[in-house]
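The next block holds one structure in the form of structure tokens; read it before the comments.
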Amino acid sequence: MLDWSVDIETYEAHEAQVGRFTVRRALPQRSRRTVGAWCFADHMGPADVTEGAGLDVGPHPHIGLQTVTWLLDGQALHKDTLGSEQVISPGQLNLMTAGNAVAHAEEATGHYRGRLEGIQLWVALPEATRHGEAAFEHHADLPRTELAHGAGDATVLVGEFGGAVSPARRDTALMGADLALRGRAVVPLDPSFEHALIVLRGAAAVGGVPLAPGKLAHVGIGTSELVLDVDGPARVMLLGGEPFPEPITMWWNFVARTHDEIDAAYASWRDEDGRFGRVTSTLPTIPAPAPPWLRP
Ligand code: MN
């Protein structure tokens, strides 16, 4: 039975190039900038990597956001200006909080060869923490919860889902879970959150709307349950949060509120004035393009 009262809108991801990878960018959309505080979603791969050639995203800066890295397959090496050097594998979470400034690189591991597939998400930081200190967390073990009726299980990356709570930092009312589905699932939602579904593998239908990799479905607030129909194994990212109350300005790798803030971050990276620090990386540093409003 279809529940036509559920408010669902679908969007097409667009392709972009990140390092050596083509990604499906499901967020932001022109008419949908945020889902809760989630403001960016890149489904990366699958593609083949070697010991010496991985994602290969050289040092680049961030402000005002958190990066959430989650792999379905393979390994990648994260390095940042805090001195973090962390290999990530499937089932593990890398969470970097930029605050006022951080820079990082995503490299080959030096030992892994094979398939690499994952998703990198950004979370907009609220006013209370976006000017704060940078930080990095790695979570090797995250809580899992079984879905009802043997429909599959969920790993909780951020926030709470199905009674399981992630230990990962979150600065706003937010959740993220990876649903591994093998049958029709009834998915509980917090009705005070809006949600997004991004299918990473397989296919699923929600409220009669088919979803596959390359699409994003948005579910409005006021929905307390979703039915996901699958006809084979599927992996679905469920993202949710309270609608973000602050209008954000997002450009390149920066999440801010004004062009002036972005101009200042751009100038700091261009001039290497010390705000972002240095990443020890084998990859070349990525130069910031000039913001369009500064171009002659
Ligand atoms: Mn980055």
Side-chain angles (χ1 to χ4, degrees), residues 13-28 34 37-45 47 49 53-71 74-88 92-109 116-125 129-130 132-138 157-158 168-169 171 176 237 239 248-256 261-262 265-266 268-270 272 275-289 291:
H14 42 281
E15 286 198 348
Q17 198 68 28
V18 173
R20 294 193 315 109
F21 273 57
T22 300
V23 302
R24 286 170 295 286
R25 184 160 295 160
L27 264 184
T34 52
W38 299 102
C39 61
F40 184 91
D42 268 0
H43 179 192
M44 317 175 287
V49 299
L55 267 177
D56 290 359
V57 183
H60 61 280
H62 289 291
I63 66 168
L65 59 83
Q66 292 175 305
T67 62
V68 174
T69 308
W70 179 251
L71 299 184
Q75 295 182 23
L77 173 61
H78 163 95
K79 291 181 178 175
D80 65 37
T81 43
L82 301 163
S84 315
E85 278 204 35
Q86 182 66 57
V87 172
I88 184 173
Q92 304 179 343
L93 181 72
N94 276 358
L95 176 64
M96 183 179 73
T97 301
N100 183 56
V102 78
H104 72 141
E106 305 282 354
E107 300 186 3
T109 61
L116 181 61
E117 182 179 9
I119 186 165
Q120 190 174 75
L121 303 153
W122 294 356
V123 176
L125 289 171
T129 57
R130 72 185 186 96
E133 296 283 306
F136 176 77
E137 294 175 8
H138 174 77
L157 282 64
V158 181
R169 170 176 165 174
D171 293 7
M237 284 297 306
L239 307 173
I248 62 172
T249 296
M250 197 164 135
W251 180 78
W252 196 47
N253 292 305
F254 305 136
V255 173
E261 291 174 358
I262 286 173
Y266 160 69
S268 287
W269 186 248
R270 179 196 61 199
E272 298 178 46
R275 173 175 173 182
F276 289 100
R278 282 187 179 278
V279 190
T280 307
S281 175
T282 53
L283 298 167
T285 293
I286 301 176

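Since the model is a prediction, treat every value here as computed from it, not as a measurement. When a ligand or atom number is given, it counts from 1 through the structure's own listing order.
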Any donor-acceptor pair under 3.5 Å from R24 side chain to D42 backbone:
no

Let me know which of W38, F254, F40 forms a ring pair (Phe, Tyr, Trp, His ring centres under 6.0 Å) with W122.
F40

Could R20 and E106 be called an ion pair, given the rule that one side-chain N must be under 4.0 Å from one carboxylate O?
no

Aromatic contact between H62 and F276, with the criterion being ring centroids under 6.0 Å apart: yes or no?
no

Does a sphere of radius 6.0 Å around CZ in R270 hold more than 12 heavy atoms from other residues, nucleotides or ligands, not counting ones at 6.0 Å or beyond?
yes

If you draw a 6.0 Å radius around CD in E15, do more than 12 non-hydrogen atoms from other residues or ligands fall strictly inside?
no

Near the Mn ion (ligand 1), which protein N/O/S atoms fall under 2.8 Å?
H60 NE2, H62 NE2, H104 NE2

